[in-house]
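Some notes on the structure that comes next.
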Amino acid sequence: MSVFAILDPAVGLAHDVVAAFAQVVPTALAIVLFTVCVRLALHPLARAASRGEKARARLAPRIAELNRKHKGRPEKLQAALAELYREEKASPFAGCLPMLVQIPFFSVMYRLFTTPNDLLGHTLFGAPLGLHVGSAHGAGEWAVFAVLYAGLAALGYVNFRRARRAQAKQAAQSAQDRAQGQGAQAQPALALLPYLSFGTVLFAALVPLAAAVYLLTTSTWTAAERAWLYRDGAPEPAVPALA
């Protein structure tokens, strides 16, 4: 029995919603609409995550000062940080917890589009939604996959550039902190994080066409959502945005 089987009731509900949409629009478009509805429902969590990131960026100079002031005294540092977060009504985990809450929703959608069901028998421009790229035949089916992968690659590049800019800003701040005798040494392995932005393309090659449609839709939403939430120039996390 798969560990994902505990999601089956939610998967069944999601299937019914997509099937209802598919009564009035093509099934591929029904997947897009369903994904948009889910991401719209999760938008408040994304807003909470962005507020957490902005709060951490705003408090970063004060945190650096506390690190300098209480260097070598971890107990006093932890107490001072706790007091700072309490005064500012912020949390060091404010940006992380909302993202963790989203994982079950994405797991449901992944299982829906990778478990055999009647929705996968429908087609997108002639290519079955349950088709894997390794089983594609003919120029038409290959063209459908090529367009989806090209879209995911373009979004991956946008997220890669965004993550590199955020990482460069963080590196500059870290260098300044070290020059002042504070802050940790840079970790070379972190330079590879922006390249994870292209992981969605690789993942899409392992799942059926329906799941690739979902990945393209949710990745597009993520890119647009982050651009909107950080439009005021507030620093973004250097970790790439994953769908």
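Given the structure is predicted, the values throughout are model-derived calculations rather than measurements.
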Shortest non-hydrogen separation from Ala204 to Tyr149 and the atoms involved:
O-OH, 3.5 Å

Side chains of Tyr85 and Leu59: closer than 4.5 Å at any heavy-atom pair?
yes

Tell me whether the count of non-hydrogen atoms from other residues, nucleotides or ligands lying under 6.0 Å of CZ in Arg73 goes above 12.
yes

Going by ring-ring contact (aromatic ring centres under 6.0 Å, His included), name the residues that satisfy it together with Phe105, two or more places apart in sequence or in a different chain.
none

Do Ser50 and Arg226 pair up side chain to side chain, a donor and an acceptor below 3.5 Å, judged on atom types alone?
no

Taking the side chain as every heavy atom from C-beta outward, state whether Thr115 and Asp8 have any atom pair closer than 4.5 Å.
no

What closest approach, in Å, do His132 and Phe145 show between heavy atoms, and which atom pair accounts for it?
C-CZ, 3.7 Å

With side-chain contact (heavy atoms from CB on, under 4.5 Å) as the test, would you mind laying out the steps for Phe203 and Phe198 before giving the verdict?
CA-CA 9 Å; Phe203 184 67; Phe198 297 104; over 6 Å; no

Hey, which of Thr35, Leu40, Leu216 is the one that makes side-chain contact (heavy atoms from CB on, under 4.5 Å) with Trp221?
Leu40

For the residue pair Thr114 and Pro208, establish whether any side-chain heavy-atom pair is separated by less than 4.5 Å.
yes

What closest approach, in Å, do Ser197 and Asn159 show between heavy atoms, and which atom pair accounts for it?
OG-C, 3.5 Å

Is there side-chain contact between Trp228 and Arg47, with at least one heavy-atom pair below 4.5 Å?
yes

Can you label the angle between the Tyr214 ring and the Phe113 ring as parallel, tilted or perpendicular, going by 30° and 60°?
tilted

Look only at the side chain of Glu141 and the backbone of His137, and say whether a donor-acceptor pair between them is shorter than 3.5 Å.
yes

Atom CZ of Arg161: over 12 foreign heavy atoms under 6.0 Å:
no

Counting C-beta onward and ignoring hydrogens, is there a side-chain heavy-atom pair between Arg51 and Leu229 closer than 4.5 Å?
no

Here the side chain to side chain donor-acceptor pair (under 3.5 Å) pairs for residues 9-34, sequence neighbours left out, are His15-Asp118, Thr27-His122

Within the 4.5 Å heavy-atom criterion, are Leu152 and Leu215 side-chain neighbours or not?
yes

Are Leu209 and Val133 close enough, and set up right, to give a side-chain contact (heavy atoms from CB on, under 4.5 Å), and what steps lead you there?
CA-CA 8 Å; Leu209 180 60; Val133 64; over 6 Å; no

Given side-chain contact (heavy atoms from CB on, under 4.5 Å), test Arg39 with Phe106 step by step and report yes or no.
CA-CA 10 Å; Arg39 293 304 305 265; Phe106 295 145; 3.8 Å; yes

Salt bridge (charged side-chain N to carboxylate O under 4.0 Å, His left out) partner of Glu65, the single match among Arg62, Arg68, Lys69:
Arg68

